[in-house]
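Below is one structure, written out as structure tokens, with a few remarks after it.
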Amino acid sequence: IITIEFVVGEDNFIRKSIETSSKPKIDKIKFLSELDGNGRKTFSKIFEFGDKNDLVYKWGSKGFSLNTKIENNLIVLIFGYPLNSVYKQSIYTGYDIISKKVKNSETINDFFKKKIKQFGNFETAGYSARWIIDRDYTDDKINEFIDILKEVNQRIKEDGLK
């Protein structure tokens, strides 16, 4: 027979506090510094659009989301990632967030998906679509994408929350 005696609270390893840390959030300047020339050109135009239209940026440790704000709710239009992220230098659509939060979301997402398909350059990525920015796009092509965002943003504001 083997017996083991435990005295609660006597072992130092039990008393150690658990330490957690999160990566610091980046900002627009840091994000742009982590892009190549193709990404800087594309994302700079997206940031100009976001700033002019009072869209909200939510920054993470690697990327950001660009959001329409209705009351105190944020509805993601897109997610943006730099070169050094697991998603590469890319843009992902926010279809799923629109579906969860916006009235007439099916109509808005159908429009969004149709326009993204016409735009080209995007590929299916789960419930989203992904544009990997791996070459130089013309200003007209980038502006075509921004026009899609502008229209989706407007439709979200008009239809409102669920």
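The first residue of the sequence shown is numbered 1, and numbering continues consecutively from there.
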Apply the test side chain to side chain contact (heavy atoms under 4.5 Å, CB included) to residues Ile133 and Ser90: give CA-CA distance (whole Å), side-chain angles for both, the deciding distance (0.1 Å), then the verdict. CA-CA 5 Å; Ile133 303 164; Ser90 63; 5.9 Å; no
Inspect the surroundings of [atom1] in [X] and state if more than 12 heavy atoms from other residues, nucleotides or ligands are less than 6.0 Å away.
X: Lys103; atom1: NZ; value: no
X: Lys25; atom1: NZ; value: no
X: Lys117; atom1: NZ; value: no
X: Glu106; atom1: CD; value: no

Walk me through whether Phe122 and Ile132 qualify under side chain to side chain contact (heavy atoms under 4.5 Å, CB included). CA-CA 7 Å; Phe122 275 84; Ile132 296 178; over 6 Å; no
For [X] and [Y], does a side-chain donor sit closer than 3.5 Å to a side-chain acceptor?
X: Ser128; Y: Asp96; answer: no
X: Gln89; Y: Asp36; answer: yes
X: Arg130; Y: Asn121; answer: no
X: Tyr95; Y: Ser105; answer: no
X: Asn67; Y: Ser65; answer: yes

Return the minimal non-hydrogen interatomic distance between [X] and [Y], and the atom names on each side.
X: Ile98; Y: Val76; value: CG1-O, 3.8 Å
X: Lys162; Y: Lys100; value: CD-O, 3.7 Å
X: Ile142; Y: Tyr137; value: CD1-O, 3.8 Å

NZ (Lys141) and CG (Asn143) are apart, to the nearest 0.5 Å, by 11.5 Å
Report yes or no: does Asn153 contribute a side-chain atom to a donor-acceptor pair with the main-chain N or O of Leu149 at less than 3.5 Å? no
Ignoring hydrogens and geometry, is there a side-chain-to-backbone donor-acceptor pair from Thr93 to Ile78 under 3.5 Å? no
Working for salt bridge (charged side-chain N to carboxylate O under 4.0 Å, His left out), residues Lys101 and Asp159: CA-CA 11 Å; Lys101 293 186 174 185; Asp159 288 352; over 6 Å; no
Stepwise side chain to side chain contact (heavy atoms under 4.5 Å, CB included) test for Ile91 and Tyr81: CA-CA 6 Å; Ile91 294 170; Tyr81 299 99; over 6 Å; no
Parallel, tilted or perpendicular, as decided by the 30° and 60° cut-offs, for the rings of Trp59 and Phe64: tilted
Parallel under 30°, tilted from 30 to 60°, perpendicular over 60°: which one fits the rings of Phe145 and Phe119? tilted
Would you kindly confirm whether Leu55 and Leu74 end up in one hydrophobic cluster when ILVMFWY residues are joined by side chain heavy atoms under 4.5 Å apart? no
Please lay out, stage by stage, how Tyr92 and Phe79 fare under the test ring pair (Phe, Tyr, Trp, His ring centres under 6.0 Å). CA-CA 5 Å; Tyr92 281 72; Phe79 298 93; 7.6 Å; no
